[in-house]
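This one's a predicted model, so the numbers in the text were calculated from it and none came from an experiment. The basis for the numbers below is simple: all heavy atoms, side chains too, and nothing from hydrogens, waters or symmetry mates.
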Amino acid sequence: MGRGRDDFGVFALLPQYNDGMKPMIENPLSDRLIDPLSECLTVESAKRILKLRADPKLQARVDQLAEGCNEGSLTADERIEYARYVSFGTFVALLKSKALQLLATSRNA
């Protein structure tokens, strides 16, 4: 159904980041939101963030919306719902990127 799934569940819809990659989207607003939050991360909290997954019911809904989006068949309300999931997924993906950076730095320390 729709796009392939991976270990990131609902976040499979979004670009994945790792500690060797630069963010694909430069966004000062997201940097201003994520950077202060990422300063609160510990090694343990970073590991927990990386384990975040959508539950199966939520993932099924996002997959359904993604398929409808690809087909151009979403209603106006569904487009709003899907946009919210994508926005949240982007935020979590950026936070996971910061978690990966912290873990990479702590391994090299």
Main-chain N/O of Ala93 paired to Ser97 side chain as donor or acceptor, under 3.5 Å: no

Ser38 side-chain N/O to Asp35 backbone N/O, donor-acceptor pair under 3.5 Å: yes

Over all atoms of both residues, closest heavy-atom pair of [X] and [Y]:
X      : Y     : answer
Arg53  : Leu50 : NH1-O, 2.8 Å
Tyr82  : Val62 : CE1-O, 4.2 Å
Leu58  : Ala54 : CD2-CB, 3.9 Å
Ser45  : Cys40 : OG-O, 4.4 Å
Leu102 : Val43 : CD2-N, 3.9 Å
Lys98  : Leu41 : C-CD1, 4.2 Å

Spacing of [X] atom [atom1] and [Y] atom [atom2] [to the nearest 0.5 Å]:
X      : Y     : atom1 : atom2 : answer
Ile34  : Lys96 : CD1   : NZ    : 12.5 Å
Leu52  : Leu95 : CG    : CG    : 8.0 Å
Leu100 : Lys47 : CG    : NZ    : 12.5 Å

Contacts of type side-chain hydrogen bond (donor to acceptor under 3.5 Å, both in side chains), residue Ser73, not counting sequence neighbours: none

side-chain hydrogen bond (donor to acceptor under 3.5 Å, both in side chains) involving Arg61 - partner list, sequence neighbours excluded: Gln64, Glu81

